[in-house]
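Here is the structure we will look at.
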Amino acid sequence: MKIIKSIPPKPPKNSFVALDIELFRMNPKQLHRPTSGKFAALTICSDINTVFIIQNKEDVPEVLANLDDCVWIFQNSKFDITHLRRYADIPQRKKMWDTLVIDRILWGGYFNTFSLDDLARRYLDIYIDKSLQKSFGEPKAFAGGVAGMSEEQIEYACTDAWITYQIALEQKKIMTKIDFKLWRDIDSHTIWAFMEFQGFAFDTLEWKALAERNELRWQEIDKGLSFNPHSPKQVLAYLKKTGFTDLKSTDKATLEKAIRKYPDTDAIELAKKTIESKMYRKRSGTYGANFLDNFVEQKNGVDIIIPDLHVNKAETGRIASSSPNIQNIPIRETAEFRKCFIARPGNKLIIADYAAQEPRIMAYLSQDECMIKIFQDKKDIYIEVANHTFDEKITKADDRRRQMKDIVLGIGYGLTEWGLSKRENISLKEAKFLVRSVHRFFPQASIWGEKQAAKRTYVTTIPGRKVWLNPYSNQAEKNARNSPIQGSAAEMLKLSIVRMHKE
DNA sequence: GGAGACGGCGCC
DNA sequence: AAAGGGCGCCGTCTCC
């Protein structure tokens with residue numbers, strides 16, 4: 001690998017070109033935001049013998065203009081393009097290759113790590129040392145606005161582009177037409193939509209008030225306890241000592257069961273206080289002041305939050321969110337946190353949701369006649385199953401609808417009768433009755449599930465995304481049932497996002 | 001003092 | 001033997 005410190009010459013049209021941006025002193029909580037870090041270098045590799053490096057951000061537009069008719073390769077293109085857009089105008093483009101996102105299409109469920117060193121090891125049998133990456137964050141790495149990369153750092157940065165280039169070539173050799181289509185028609189478009197997401201405006205004052213209130217609440221409870229309720233180790237020891245003699249763990253469900261099981265012990269009050277304190281700690285910790293410090297930024301005088309959205313992070317192809325995770329903002333017990341996410345000035349915030357998305361997908365995949373009929377007749381599938389099971393007409397508010405909903409969805413996940421009896425606190429006999437009733441109501445869906453569970457190598461979503469199974473895992477059968485459903489739902493959602501983005 | 005495992009818990 | 005799937009973040013604790 002020869003390193004040349006200059007703007008690269010223009011390669012032939014449609015060449016594969018790997019690009020890698022390095023930045024100094026990134027904020028680790030805001031790696032995805034263009035407000036974070038300072039330009040260190042851009043490395044460029046379009047043949048295995050040579051890597052070019054520029055260390056002046058003024059050169060970025062010229063470098064990219066030269067490469068406009070090439071296929072740009074990145075390891076995590078959303079990151080690199082977000083940051084390159086600080087220095088050059090980059091419209092949405094078709095000629096792009098993302099080694100990270102494509103490898104997840106190829107190997108979802110087979111591997112679970114996809115960092116550049118993982119891919120280098122698997123595809124090239126090259127072992128690279130990622131520890132040098134940390135050196136870019138050190139204060140001395142960027143002094144007084146003058147970029148100063150050591151020769152070691154330059155070598156490191158160039159190696160990344162060189163590796164990325166070779167990985168793309170290897171991926172190209174093994175990709176099927178369907179793999180490529182998933183990249184071209186779904187995931188690559190979703191990247192652009194996510195990259196251009198302008199975020200939410202955010203009610204910082206309200207959130208701050210919530211954080212303070214919730215912090216006071218757990219502190220008040222903890223004052224009266226002689227153990228730390230946020231330490232599972234201490235909770236377990238203390239509650240065992242005070243009455244829950246055979247307690248195994250300290251999660252909410254286990255403690256609630258113990259409260260029912262051991263009347264008249266000191267542990268009961270302590271367990272209740274522990275549960276309550278942990279709830280408020282969660283709300284003041286995960287959803288508290290840190291959230292404001294780490295993730296809220298100002299734009300045009302408005303507080304906003306822009307999360308890092310990952311197009312296929314889950315092995316099923318589902319999206320994920322981090323910094324912050326906006327997919328787990330509390331909503332079930334209180335709406336006060338979600339209310340803080342509001343429309344930016346001049347915009348409207350739209351809430352959209354699929355109705356019974358996963359059962360509909362199950363109906364499609366299994367072609368179950370009863371399920372299909374229910375959806376064609378625009379009926380509520382959970383009420384229909386409950387009516388069948390309990391042999392009477394129930395209402396939407398009836399708890400048996402919720403119970404049947406959990407079972408219908410649960411069967412898609414591989415729920416067992418044993419698991420259902422534990423969760424619903426009913427006898428094994430009752431659980432068996434409920435599960436069998438659902439299976440009898442949807443016979444073809446039931447057979448579809450069994451056929452899935454027999455698979456040993458991989459299963460697919462409707463457009464053909466592979467989810468590999470680990471045949472040695474006792475989870476394989478559950479994944480074989482669930483992944484086509486969960487994954488197909490993810491494909492639909494991403495296509496919707498892409499359409500909305502285009503609109 | 002930082003890294004990582006673990007338990008726990010928020011959401012779909 | 002285990003006993004619905006998928007995530008990300010927090011605090012505690014251990015290890016180095």
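In this text the structure is predicted, and so the values were computed from the model without any measurement. Just so we're on the same page: letters track the sequence lines, and every chain starts at 1.
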Base, sugar-phosphate, or nothing: which does [X] touch, judged by heavy atoms less than 4.0 Å apart?
X         : answer
Lys422(A) : nothing
Ser483(A) : nothing
Gly410(A) : base

Discussion item. Going by the rule side-chain hydrogen bond (donor to acceptor under 3.5 Å, both in side chains), which residues pair with Lys339(A) if we only count those two or more places apart in sequence or in a different chain?
Written reply: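 In terms of side-chain hydrogen bond (donor to acceptor under 3.5 Å, both in side chains), with neighbours along the sequence ignored, Lys339(A) is linked to no residue.
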Worksheet entry | Reading 5' to 3' through nucleotides 7-16 of chain C, protein heavy-atom contacts under 4.0 Å coded B for base, S for sugar-phosphate only, - for none | SBSSSSSS--
Step through the shown structure and confirm whether more than 12 heavy atoms of other residues, nucleotides or ligands are within 6.0 Å of [atom1] on [X].
X         : atom1 : result
Glu369(A) : CD    : no
Lys502(A) : NZ    : yes
Phe390(A) : CZ    : yes
Arg213(A) : CZ    : yes
Arg499(A) : CZ    : no

What is the separation between atom [atom1] on [X] and atom [atom2] on [N], rounded to the nearest whole Å?
X         : N       : atom1 : atom2 : result
Leu493(A) : dC11(B) : CG    : C1'   : 14 Å
Glu276(A) : dC9(B)  : CD    : P     : 14 Å
Lys248(A) : dG8(B)  : NZ    : C1'   : 19 Å
Ile361(A) : dG5(C)  : CD1   : P     : 19 Å
Asn470(A) : dG6(C)  : CG    : P     : 12 Å
Ile351(A) : dC12(B) : CD1   : P     : 11 Å
Glu417(A) : dA3(C)  : CD    : C1'   : 11 Å
Asn214(A) : dG10(B) : CG    : P     : 12 Å

With respect to the phosphate group of [N], does any side-chain polar atom (N or O) of [X] fall under 4.0 Å of OP1 or OP2?
X         : N      : result
Thr250(A) : dG7(B) : no
Lys252(A) : dC9(B) : no
Gln475(A) : dA3(C) : no

Item to complete: On the 0 to 90° scale, with breaks at 30° and 60°, tag the Trp207(A)-Phe202(A) ring pair as parallel, tilted or perpendicular.
Response: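 Judged by the thresholds at 30° and 60°, the geometry between Trp207(A) and Phe202(A) is tilted.
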Discussion item. Name the residue from Thr99(A), Ile126(A), Ile128(A) that meets the side chain to side chain contact (heavy atoms under 4.5 Å, CB included) definition with Leu119(A).
Written reply: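 In the set Thr99(A), Ile126(A), Ile128(A), the residue that makes a side chain to side chain contact (heavy atoms under 4.5 Å, CB included) with Leu119(A) is Thr99(A).
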Fill in: Residues touching DNA chain C, which here means a heavy atom under 4.0 Å, drawn from residues 195-208 of chain A
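Residues of residues 195-208 of chain A under 4.0 Å from DNA chain C: none.
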Worksheet item: For residues 441-465 of chain A, which residues have at least one heavy atom under 4.0 Å from DNA chain C?
Response: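 Those residues: none at all.
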Practice prompt. Between dG8(B) and dA3(C), how far apart are the P atoms? Round to whole Å, please.
Written response: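 16 Å, rounded to whole Å.
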Discussion item. Tell me if the aromatic rings of Tyr280(A) and Trp218(A) count as close, with their centers under 6.0 Å from one another.
Written reply: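 Between Trp218(A) and Tyr280(A), which both carry aromatic rings, the centre distance is not below 6.0 Å.
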Discussion item. Can you give me the closest heavy-atom contact between Leu23(A) and Phe79(A), atom names plus distance?
Written reply: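 Closest approach of Leu23(A) to Phe79(A): CD1-CZ, 3.9 Å.
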Discussion item. When you compare the side chains of Gln327(A) and Ser321(A), does any donor N or O come within less than 3.5 Å of an acceptor on the partner?
Written reply: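 The answer is no; no qualifying pair exists.
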Worksheet item: Taking atom types as modelled, is there a side-chain donor on Ser249(A) or Asp251(A) under 3.5 Å from an acceptor on the other?
Response: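 The answer is yes; a qualifying pair exists.
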Fill in: Six-ring centre of Phe111(A), Arg122(A) cation under 6.0 angstrom, axis tolerance 45°
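Satisfied, under 6.0 Å and within 45°.
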Worksheet entry | Arg436(A) to Phe441(A), cation-pi by 6.0 Å centre distance and 45° axis angle |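 Output no; distance or angle outside limits.
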Worksheet entry | DNA chain B-proximal residues of residues 329-340 of chain A, any heavy atom under 4.0 Å |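 Those residues are Ile329(A), Pro330(A), Ile331(A), Arg332(A), Arg338(A).
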Worksheet item: Is there any side-chain hydrogen bond (donor to acceptor under 3.5 Å, both in side chains) pair reaching into residues 447-461 of chain A, and which pairs are they, with sequence neighbours excluded?
Response: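 Residue pairs with at least one partner in residues 447-461 of chain A: Thr461(A)-Glu491(A).
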